[in-house]
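These values consider heavy atoms only, across backbone and side chains, with no hydrogens, waters or symmetry-generated copies. Computed from a prediction, not measured in an experiment: that's the story for all the values here.
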Amino acid sequence: MKQKKLATFRIDADEWVAFQEWARRSGTNASAILVNYIEECLERTPTRFSHFPIERMNKNIDKRLDNIEERLKLLETSLEARIQKEVQQQIAISNQEFMQKHKINEVS
């Protein structure tokens, strides 16, 4: 028999109780869901059955991935705008330095 590791982590007490109750209503327990989830992430055959449909978990993961993709698109747009602004500022500075070095007067 494989040696089991007792894993501990910090979570808001109310969230943990709510998760345990949700697991119970789903016909399983919190530990079974977490172990099953970890095994699924590691692409291993579950060692015990949690009575929790993985498809339901996958649907939630799909929603979260969609949300992450939307946030990445917004960040990408913002980053592109910042880069464009910085490039324009650097071009303006370079032009000014060039004009000063060659004593070129700006025509307004």
Side-chain angles (χ1 to χ4, degrees):
M1 181 176 180
K2 277 188 173 180
Q3 184 179 359
K4 298 290 182 174
K5 164 77 172 131
L6 175 62
T8 58
F9 58 96
R10 297 193 183 279
I11 185 171
D12 179 83
D14 292 336
E15 287 180 355
W16 180 247
V17 169
F19 180 66
Q20 288 176 309
E21 290 172 359
W22 177 83
R24 211 172 359 266
R25 285 191 311 271
S26 298
T28 188
N29 62 62
S31 293
I33 290 175
L34 293 173
V35 168
N36 199 1
Y37 177 71
I38 291 168
E39 290 170 340
E40 180 75 18
C41 288
L42 299 175
E43 297 179 353
R44 295 184 181 154
T45 305
T47 56
R48 63 191 224 195
F49 186 60
S50 70
H51 303 289
F52 183 77
I54 295 297
E55 302 80 36
R56 202 163 152 192
M57 211 181 305
N58 288 342
K59 186 176 180 182
N60 186 35
I61 290 171
D62 288 342
K63 286 181 186 178
R64 292 175 63 198
L65 286 173
D66 288 344
N67 184 281
I68 290 169
E69 287 174 356
E70 288 176 29
R71 290 171 40 203
L72 284 173
K73 285 178 187 176
L74 291 173
L75 287 172
E76 182 181 27
T77 301
S78 173
L79 186 57
E80 286 174 352
R82 288 173 56 192
I83 290 170
Q84 185 66 24
K85 181 179 177 182
E86 187 66 30
V87 167
Q88 293 300 324
Q89 288 174 344
Q90 291 301 316
I91 289 171
I93 291 169
S94 294
N95 285 343
Q96 283 179 337
E97 290 172 352
F98 178 82
M99 290 168 51
Q100 287 174 352
K101 183 177 179 182
H102 294 25
K103 300 187 192 291
I104 300 173
N105 293 328
E106 278 190 54
V107 178
S108 303

task = For Leu34, enumerate each residue passing the side chain to side chain contact (heavy atoms under 4.5 Å, CB included) test, keeping only those at least two apart in sequence or located in another chain.
result = Phe9, Trp16, Phe19

message = Please give me the minimum heavy-atom distance between Thr28 and Ala32, naming the atom from each residue.
response = OG1-CB, 3.4 Å

key: Shortest non-hydrogen contact between Ala30 and Ala23, atoms and distance   = N-CB, 3.6 Å

key: side chain to side chain contact (heavy atoms under 4.5 Å, CB included) partners for Arg25, two or more places apart   = Glu21, Trp22

Donor-acceptor pairs are to be reported for all side-chain atoms of residues 83-94 against protein atoms at under 3.5 Å, with residues two or more places apart or in another chain.
unit_1 : atom_1 : unit_2 : atom_2 : d
Glu86  : OE2    : Gln90  : NE2    : 3.1
Ser94  : OG     : Gln90  : O      : 3.0

task = Under the side chain to side chain contact (heavy atoms under 4.5 Å, CB included) rule, collect the residues that match up with Asp66, sequence neighbours excluded.
result = Glu69

remark   = Rounded to the nearest 0.5 Å, the CG atom of Leu79 sits from the CG atom of Leu72 at a distance of 11.0 Å

request  = Output every pair passing ring pair (Phe, Tyr, Trp, His ring centres under 6.0 Å) with a member in residues 71-93, not counting sequence neighbours, ordered by first then second residue.
outcome  = none

ask   = Roughly how far, to the nearest 0.5 Å, is CD1 of Ile38 from CD1 of Ile33?
value = 12.0 Å

Side chain to side chain contact (heavy atoms under 4.5 Å, CB included) against Glu76, all qualifying residues, sequence neighbours excluded = Glu80

request  = Run through the side-chain heavy atoms of Ile, Leu, Val, Met, Phe, Trp and Tyr, join any pair under 4.5 Å, and report what else lands in Leu74's cluster.
outcome  = none

